[in-house]
Every structure is written in C-alpha cells, then in structure tokens.
Amino acid sequence: MVTRVSRADAAAITDAMHCLKAGGLVAFPTETVYGLGADATNGRAIARLYEAKGRPSFNPLISHVVDVTAARGLARFNADALRLSKAFWPGPLTLVLPKLVECPIAELATAGLDSIAVRVPNHPVSQKILKAFSRPIAAPSANRFGHVSPTTAAHVVADLSNRIDLIVDGGATPIGVESSIVACLGEPALLRPGGVTREAIERVLARPLADPPGESATADDAPLAPGMLASHYAPLTPLRLHSLRVAPGEALLAFGPIPAEGAAGAASVLNLSARGDLIEAAANLFSHLRALDAVRAKTIAVMPIPREGLGEAINDRLARAAAPR
Ligand code: AMP
Ligand code: MG
C-alpha cells in the first residue's frame, strides 16, 4: 500500500471521508497529537488499525465525534460528565462512560468493554473530517507500538508510511501531549493526565478527582491496569485453548477450516474466519466470544490461531480470557 500525504485542504478532507467510508486508515491532526483514524463502527477497519500500529494486544480506543449531541448517541452521561463536556468540549479531555445499548461502535474498538472512551476534538482539521464523515472515528496516536506519539505529519510518515492509506498534513499539533482521561462511571477518576489539568477538572466538578485503583496509564499506549476497568470483559464460560476438536457439549470458537469431525457434538460453533484471515478474526473476536458465552456451554474450545501479525493480539486476549479467575 502506498500512503498518500496531502496538505489539509478541501480535497484532502473529501479524500479522508471517502477513505474512512471504505474502511481505510487516515492519519490526521488533533489539538493533542496526530491520530490514526478508522471508522469506529467498522470492525474490519479497527482490526486493520491495530495491525498497522503493530500493537501486540488490543486496548480500547478513543472514539472521536463532532459534538456533544453525537457523543450522547454513544454513551450515558451522568451529571459530572455533562458538566465536564460543557466545560471542556471541544478540547483535550476524554470521558470514559457507560456504553448505550444502541451504541453502534464495533466491539473491537472498545476491546469488548461495556464502557466507551469518547472525545470531541477542537482542531479545525479533525472537526472538518468528523463533519464530512458524520460517524465516530476511532483514533489512537498515529505511531507504531512502543514509539512516541507524533506531533507532525513527518513523524507519521516515518512510522506508518505504506501501512496506512492517507496522511492529512495540518502542521504541528498545538498541545503535543495526549488528552486527559476522566472516567465518569462512579466517582469521577483521572485515568490519565493530559491536555486539561487536574486543577481545571476539579474546579468544574467542585470536588477532588478520585485516583484510579492501580497505576495510571501514562506510558505511551499503556493499557489501564485491569483493576481500573470496572466492567472489563471476560467470558464466564471457561476457555480451552489450542483445541482441534470439541468434547460433547462444548461450544467451538473456530479459526480457518474445521477438521473433519472437529465440531461433532458441539453445542454451538462460530468461526472467527473460515478462510483463516486474521483481520476478519480480530474484527469478530469479541462479538463471537460474547455470543458463545451466552450459550452457557460447559467450556468454549478454541482452535489454534497463528501468532503472526494480529494473531499475537488475538492470542493475548484469549490467554487472558482463559486465565483462572
Ligand atoms: P490513546 O488512544 O493512545 O490516546 O489511548 C487511549 C487510552 O484510553 C488508553 O489508555 C485506554 O486504555 C483508555 N481507554 C479507552 N477506552 C477505555 C474504556 N472504555 N475504559 C477505560 N479506559 C479506556
Ligand atoms: Mg499512543
């Protein structure tokens, strides 16, 4: 794939919109850092995004929307969240909120969680792309896993050239650090310090922010400590990994062609990707796990999944889901 780099003019905004609609990957400036955007409602686009970043595990992504009204179509706002959104949006504050049942965001974009991180950026280029696309855009920082966040288009070129479709160059990003993240799931807690100061947030809330349990996610791409994710998704049904055939009454999470007799007697079978495509498998992972969990079989047998590419993140997530609790 050859990455196009365009100055952020009207033609580039239209190009970005078409590209996102087609499930492509577009890097664009926000006021914090350059984001790597994909259609947040398209599981395959989100899988491609994780692949381009080369991240060895799935972490939940921030969904960017054009305004508060769009955000309220995704998540439930309590009084604190409303106050914070009025004070700081558009701007460098991300809110983690309970996902609405009708929330159209792909399961992979929230890593299967029942909460969603949402933000309204104020950078004119982000705003124009969000208006043109008129759907939520999932956008982590536009860098390869383990590298620092990019604040210029040249940084994005250096990291992601020929791994993404388009880079919209809108100059250096004004803030240069990530957004602050506040969870409004119970007492408001600061999950990550960033572009809006703790003092400013506490002034609006008229009380101190709670500290999240565990260490905070300050490192680049650091996932939150599991304890912070109150509603961290894990299936209730035990998983049996690397199985080539099911025992009677088990559910089967397949990958690729199912060996002869491999699914005989299964309570239910879902295939992450019958043709063995890891991008398709990642896009289906959380929704298939949920669906098989709902069958309430005694175990979910999981076929082996290769460790290359996105397979590493898929295996990481399955291993966590299989770990005794
Ligand atoms: P980035 O997009 O690279 O700025 O990082 C996103 C950050 O938001 C990560 O630290 C995630 O763990 C955090 N995050 C995203 N969604 C959620 C969520 N639903 N619950 C808790 N934390 C989240
Ligand atoms: Mg990052």
Side-chain angles (χ1 to χ4, degrees), residues 25 27-38 40 46 49-50 52-65 71 74-77 81 91-100 103 105-121 123 126 136-151 155-156 159-160 173 175-196 210-234 286 313 316-317 320:
L25 303 179
F28 62 91
T30 78
E31 69 274 30
T32 60
V33 300
Y34 272 74
L36 179 57
I46 302 300
L49 192 160
Y50 284 111
K53 282 193 58 109
R55 201 170 197 290
S57 58
F58 299 120
N59 62 329
L61 306 175
I62 299 171
S63 291
H64 295 69
V65 291
L74 306 178
R76 197 164 64 240
F77 283 67
L93 176 73
T94 295
L95 296 175
V96 172
L97 305 170
K99 208 157 81 169
L100 292 178
C103 176
I105 301 292
E107 288 264 9
L108 189 60
T110 57
L113 298 173
D114 296 322
S115 59
I116 180 174
V118 55
R119 176 166 102 84
V120 178
H123 194 287
S126 332
I137 299 177
S141 52
N143 54 277
R144 299 262 306 168
F145 170 65
H147 296 190
V148 295
S149 298
T151 55
H155 295 160
V156 185
D159 246 28
L160 294 174
T173 57
I175 296 179
V177 297
E178 281 85 356
S179 58
S180 306
I181 305 182
V182 173
C184 293
L185 300 170
E187 260 312 282
L190 185 63
L191 302 187
R192 177 177 78 185
V196 179
D211 281 326
E215 53 192 286
S216 67
T218 45
D220 179 62
D221 277 338
L224 294 166
M228 277 184 220
L229 303 173
S231 49
H232 185 90
Y233 174 70
F286 291 103
D316 167 82
R317 172 53 57 162
R320 288 166 200 267

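Just so you know, ligand 1 is whichever comes first in the structure, and atom 1 is the first atom listed for that ligand. Side-chain atoms are counted along with the backbone in the values below, which use heavy atoms only and exclude waters and symmetry mates.
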Between CD1 on residue Ile62 and CD1 on residue Ile116, distance to nearest 0.5 Å: 10.5 Å

Backbone or side-chain N or O of Arg192 under 3.5 Å from ligand 1 N or O: yes

Ion pair Arg119/Glu178, N-O distance below 4.0 Å: no

Residue part near ligand 1, for Thr110, under 4.0 Å between non-hydrogen atoms: neither

Stepwise side chain to side chain contact (heavy atoms under 4.5 Å, CB included) test for Phe286 and Arg317: CA-CA 9 Å; Phe286 291 103; Arg317 172 53 57 162; 3.8 Å; yes

Residue Pro140 vicinity, atoms of ligand 1 by number, heavy atom under 4.0 Å: 2 (O)

Under 4.0 Å to a heavy atom of Ile181 - the qualifying atoms of ligand 1, by number: 7 (C), 8 (O), 13 (C)

Geometric N/O contact Ser115 with ligand 1, under 3.5 angstrom: yes

Proximal atoms of ligand 1 relative to Leu113 (non-hydrogen, under 4.0 Å): 18 (C), 19 (N), 20 (N)

From CA spacing to verdict: side chain to side chain contact (heavy atoms under 4.5 Å, CB included), Ser141, Lys53: CA-CA 9 Å; Ser141 52; Lys53 282 193 58 109; 3.5 Å; yes

Straight-line distance of Phe58 CZ to Thr110 OG1, nearest 0.5 Å: 12.5 Å

Results of side chain to side chain donor-acceptor pair (under 3.5 Å) for Ser179 - residues two or more places apart only: Thr94, Arg192

Ser149 backbone or side-chain N/O/S under 2.8 Å from the Mg ion (ligand 2): no

